[in-house]
J.: 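Dropping the structure in here first, questions after.
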Amino acid sequence: MNAVLDVQGLCKSYRGFRLENASFSLPTGFVMGLIGPNGAGKTTLIRLIMNLIRPNAGQIRVFGLDHQDDEVAIRSRIGFVYDTPCYDPGARLHTIARTLAPFYPTWDEQEFDRLMCEFELPHHKKFKSLSHGMTNKFALALALAHHPDLLVMDEPTSGLDPVFRHELIELLRDRMGDGRLSILFSTHITTDLERFADYITSVRKGRIVFSQSRDDILDSWSVVKGGTELLNPALGAHLKGVQRGIAGVRALTHDINGLRPYLSGGTAVERASLDDIMVFLDSDDEPATLKVAA
Amino acid sequence: MDTITAIPARSVLPLLWRKHLMLNTRGIILYAAMILVYLGWWAHASDRPVPYLVMGSFMVALLPVTILAREHKDGGIRLSCSLPVTRRTIVIANLSLALLLSVAGGICMFGLPLIPGVGTLAAGQVLSGWNVLLVLSVLTIVSLFIYPSLTRFGPLGLMVGLAGMQIIGTVVLVLTASGVIKGGIRGLVGWIWGTVEGVKGALGSLGFVAVVLVVLALVNGLTYALSLHLFQRLEA
């Protein structure tokens, strides 16, 4: 399978933060969601892919091309939605679009107008008068108007109401019909990932926890609910983010088969949701005895 | 994989200029009007062309600064860096736009004193090859101090560049006041002027102009190289 994006051994250091040895691959025509808590390294990864910052080590190939040597050809085919708006606040939307359109040989003015209309964005409005959700919609209209082959979005659904988030996902699904468009997006909203992402890459404290297909992830992680037998130190290697609460002990496991011999009859095993995976993994560093589930 | 041919770098330069000019129209008009009023007042009040041209060049050199400093505000530089252009092209576009605006400002600066009712200087006093060389020299020196740090750090870089010029000025004042440089500021200017005249005498007018132009070209090359070096390290 052709990879539209291939990241290998990527490292980037800042004061107080290190992205370490990040590797993952996005096949052409699929959607990959990046999840992780704030400060995990999602935006750093996206900025590295867009060549906005320089890696300390590693390689990024986009469309099979080196992301630094062929940055112009690559960026012509990428639609980018920023995490924070970077358009001139005093400029009108049509002025911003007119300044950016000529950089893209495939810019489609009719498509841009259609998207502006669909997103209910008036062309003459000044950028600074847009709400947070509207700025995201405008950035998306700009990103889609040149028919990109890869759409890279940093938190595109934050600030959007659930109805528009749903519509947005439908719109992007429509765009993916011909199998040419691939999407990489970061988000905190796991329901969007469950609905839309084919692949999920989890980033935590600058490391890739997993990068797999959504179905593989949901099939392989389970939530175990039981009594204090789950606090047995022998199970430590099988359990993550053990939480002790009034109703008993809960934990996440990636190895339910290895765990089964230790489980008593009263232990329940459920398929983990992405929310569960994020929450349990996020709390995995702290000692289990200190945590009390809500 | 199929590829889409990106727009050639040469064609991108006017697009970057256009983007800057469209997004900064009001700022450029306001600052240009301010410079015109200032130069007009000076052209009317002064009977000495050299101070008029030196100060005018300084102001004209700052005109493109309004655009480039603003790009660093509101994340505009990240937008530029995510467009399908190289950072080298962005630096070339910024510096060449600065050159174009400086040339436009320079034409106004030389033209204003010649407008009846505005200027008191005779055409011959203003329009001379030496004055053009003087203006080019001031623009080049100011650009060297301002553009590399401005390109990398935005408004903060502008402050650094201007502070650098202030520090050099302060050092010169201290050295003249302490007697290290004999004859004070007047003596220093006289020494520079004498040196220039000496070199001119030794090389002849044509040779002197050629040497100055080569030096200016080298300094501008240094400005470009420093700007590019710093901009390529910018984490957008």
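The sequence lines fix the lettering, A, B, ..., with proteins before strands; numbering per chain opens at 1. Being a predicted model, the structure only gives us computed values, none of them experimental.
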J.: Using non-hydrogen atoms only, which part of Arg26(B) is less than 4.5 Å away from chain A: side chain, backbone, both, or neither?
T.: side chain
J.: Once rounded to the nearest 0.5 Å, what's the spacing between atom OG1 of Thr99(A) and atom CZ of Arg18(B)?
T.: 7.5 Å
J.: Please classify the contact between Arg92(A) and chain B as side chain, backbone, both or neither, with a heavy-atom cut-off of under 4.5 Å.
T.: neither
J.: Which bit of Glu71(B) is near chain A, if near means a heavy-atom gap under 4.5 Å: side chain, backbone, both or neither?
T.: neither
J.: Taking CZ in Arg87(B) as the centre, count heavy atoms belonging to other residues, nucleotides or ligands within less than 6.0 Å. Is the count above 12?
T.: yes
J.: Show the numbers, then the answer: is there a side chain to side chain contact (heavy atoms under 4.5 Å, CB included) between Leu23(B) and Tyr87(A)?
T.: CA-CA 10 Å; Leu23(B) 293 176; Tyr87(A) 307 111; over 6 Å; no
J.: Do Leu79(B) and Tyr82(A) touch side chain to side chain, with heavy atoms closer than 4.5 Å?
T.: yes
J.: For Lys128(A), is it the side chain, the backbone, both or neither that has a heavy atom under 4.5 Å from a heavy atom of chain B?
T.: neither
J.: Check whether Phe103(A) gets within reach of chain B through its side chain, its backbone, both or neither, counting any heavy atom under 4.5 Å.
T.: both
J.: Indicate the atoms forming the closest heavy-atom contact of Val85(B) with Arg75(A), along with that distance.
T.: O-NH1, 3.2 Å
J.: Just one of Ile78(A), Leu52(A), Asn51(A) clears the side chain to side chain contact (heavy atoms under 4.5 Å, CB included) bar with Ser82(B), so which one?
T.: Leu52(A)
J.: Just wondering, are more than 12 heavy atoms of other shown residues or ligands nearer than 6.0 Å to CH2 in Trp130(B)?
T.: yes
J.: Counting neighbours of CD on Gln166(B) that are heavy atoms of other residues, nucleotides or ligands and sit closer than 6.0 Å, is the number greater than 12?
T.: no
J.: Backbone N or O of Leu234(B) within a donor-acceptor pair of the Arg54(A) side chain at under 3.5 Å?
T.: no
J.: How close do Val72(A) and Pro84(B) get, heavy atom to heavy atom, and via which atoms?
T.: CG1-O, 3.3 Å
J.: Above 12 or not: heavy atoms from other molecules or residues under 6.0 Å from CZ of Arg18(A)?
T.: no
J.: Would the number of heavy atoms belonging to other residues, nucleotides or ligands and lying under 6.0 Å from NE2 of His44(B) be above 12?
T.: no
J.: Heavy-atom cut-off 4.5 Å, strictly under: side chain, backbone, both or neither for Phe127(A) against chain B?
T.: neither
J.: Is there a donor-acceptor pair under 3.5 Å between the side chain of Arg98(A) and the backbone N or O of Met22(B)?
T.: no
J.: Any carboxylate oxygen within less than 4.0 angstrom of a Lys/Arg side-chain nitrogen, looking at Lys19(B) and Asp88(A)?
T.: no
J.: For Arg88(B), I'd like to know if atom CZ has over 12 heavy atoms of other residues, nucleotides or ligands within 6.0 Å.
T.: no
J.: Identify which part of Arg47(A) has an atom lying under 4.5 Å from any heavy atom of chain B, answering side chain, backbone, both or neither.
T.: side chain
J.: Check for a donor-acceptor pair, side chain of Arg78(B) on one end and backbone N or O of Cys86(A) on the other, with a separation under 3.5 Å.
T.: no
